[in-house]
Amino acid sequence: MDRFVIEGGVPLRGRVFISGSKNATLPLMAAALLGDGPTTLFNVPDLRDTRTMADVIRYLGADVRFEDHVMVIDPKGFQNAEAPYDMVRKMRASIYVMGPMIAKLGRARVSMPGGCAIGPRPIDLHLKGFSALGAKIDIEHGYVVAEAAKLHGAEFSLSGAAGSSVGATCNVLMAAVLAEGETVIHGAAREPEVCELIAFLRKMGAKIEGAGERVLRVTGVQSLHGTEHTIVADRIEAGTFMVAAAITGGDIIIDNAPLDHMDAVVSKLHEIGARVEQVPEGTRVWGNRENYSPTNIQTWTYPGFPTDMQAQFMALLSLVPGVSIIRETIYVDRFLHAAELNRMGANIQVLNGMATVVGVPKLSGAPVMASDLRASAALVLAGLAAEGTTIINRVYHIDRGYESIEKKLASLGGKVERVSDSAPDEPLALEP
Ligand code: UD1
């Protein structure tokens, strides 16, 4: 099991390149199953999650080759309509294969994902969409079983209590593109990753209107073909490096930050007192902790402040003088990092989906436990800013979503080292 050992207190300086977006890649890999021929994806991040998804797709019968950030998916052998418990348990996004299974094979048997470290994770909206398109859905022995000799277009809403769902919108879209007739999806998610999927499906021959809007209109087609696509840079990785610069009082250039998708994050950094500026070489991010002010953050669906950046901002705000409030509206229990940050000297209280962060003058290094992907990132950031040594256990969480984060941070001067020992990794927890 790997650990990170971090010596804090070094302001980051230099230049960093952001990898392709994990959350954009995963649905595209599933969507490639819909084609009649091979698809090539470029700029695919080399992550535990993209490798897990490749295994899932291979298990279904498709051929996947992945080398040097290029992934070729040939769906010719896609015949298996079952995604077993052991796969879905490892990565919740495996559920993305359900749409392509129903659309192309007329059936699906997919292990029902349970809750995870950040709280309950229902899939009722996915199932609502599939059933509106004509699939018969049953839950049997922990599996969702869907049967649909033929899908037909329908009009329905995918809006839930916490707003729109990225996963349900993507999954149901992948089924609707091959359904007969017109489908109108109200309450669709507007995240850039959904727009990326729509652009990709269109390249495959799908007819979809309304990308980035609440209402999507799909006209079903008989078949889709393989295509080529370059994955957009990861807005959450870029945001994490921005916070790394801000929390260490550093000055970095991010080569390829997808700034068009990062308004909410960039404006919060400005509000706090860090600077983000477009320069000829890329995006410059710098700051001086002495000039920072507290702020309030409320997570919401895009273009609101992303829940996937909440933990990293909590690490930053823990060092900003004054009181900051963070409200988590997407996953109300997504605060496990608060207790670990407190072990490093932060002063954070969590109650009913709201964290009160009272800024402290310094954090001190400590052994801490990563509980989920973004929480781990927050602990790395805290470790970079803390006095002394921080040891982060269970870094397999971070390997799910950040490619070589320790090497990228080291190239910016951060003192981060990966230490391996012979104990096997623990089973992966379910999380975004
Ligand atoms: C995706 C991202 C994850 C991010 C999340 C919210 C991937 C692989 N993961 O997760 O990193 O944190 O979006 O931006 O892209 N919900 C329901 N019923 C459903 C589905 C969702 O009630 O059927 C609720 C969820 O519990 C949550 C909210 O809707 O409260 C948003 O979830 P959703 O957008 O679906 O998240 P994921 O697609 O799982």
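Counting starts at 1 for both ligands and their atoms, following the listed order.
Atom numbering of ligand 1 starts at 1 in the shown order; those under 4.0 Å from a heavy atom of Ala162 are 28 (C), 30 (O). Of all atoms in ligand 1, numbered sequentially from 1 with element shown, those under 4.0 Å from a heavy atom of Gly167 are 35 (O), 38 (O). Near Arg334, meaning under 4.0 Å from any of its heavy atoms, are these atoms of ligand 1: 12 (O). Near Asp308, the atoms of ligand 1 lying under 4.0 angstrom from a non-hydrogen atom of the residue are 3 (C), 4 (C), 11 (O), 12 (O). Every atom of ligand 1 with a heavy atom of His126 under 4.0 Å away is listed here by number and element: 23 (O). Counting the atoms of ligand 1 from 1 in the order shown, those under 4.0 Å from a heavy atom of Val166 are 13 (O), 33 (P), 34 (O), 35 (O), 38 (O).
Neither the backbone nor the side chain of Met309 has a heavy atom within less than 4.0 Å of ligand 1. Of the heavy atoms in Pro122, both backbone and side-chain atoms come closer than 4.0 Å to ligand 1. Contacts between Tyr302 and ligand 1, counted as non-hydrogen atom pairs separated by less than 4.0 Å, are absent for every part of the residue.
The residues Asp399 and Arg48 are annotated as not salt-bridged, no charged nitrogen and carboxylate oxygen being separated by less than 4.0 angstrom. The pair Glu417-Arg3 does not count as a salt bridge, with every side-chain nitrogen at least 4.0 angstrom from each carboxylate oxygen. A salt bridge links Asp46 to Arg51: one of the charged nitrogens lies within less than 4.0 Å of a carboxylate oxygen. Between Arg217 and Glu209 no salt bridge is recorded (no basic side-chain N to carboxylate O distance below 4.0 Å). Arg235 has a carboxylate O that lies under 4.0 Å from a charged side-chain N of Glu193, or vice versa, which qualifies the two as a salt bridge. Under the 4.0 Å criterion applied to side-chain N and carboxylate O atoms, Glu213 and Arg190 are not assigned as salt-bridge partners.
The shortest N or O to N or O distance between Leu26 and ligand 1 is not below 3.5 Å. Remark: ligand 1 and Tyr331 share an N or O pair separated by less than 3.5 Å (distance only, no angle test). Considering backbone and side-chain N/O of Thr307, none are found under 3.5 Å from N/O of ligand 1. Polar contact check, Glu191 against ligand 1: no nitrogen or oxygen pair lies under 3.5 Å apart.
For Arg58, the CZ atom sits in a packed shell: over 12 heavy atoms of surrounding residues, nucleotides or ligands are nearer than 6.0 Å.
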### Query
ring pair (Phe, Tyr, Trp, His ring centres under 6.0 Å) between Phe305 and Phe313: does it pass, once the steps are laid out?
CA-CA 11 Å; Phe305 187 92; Phe313 269 74; 5.0 Å; yes
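Between the side chains of Thr219 and Glu182, no donor-acceptor pair is found at a separation under 3.5 Å.
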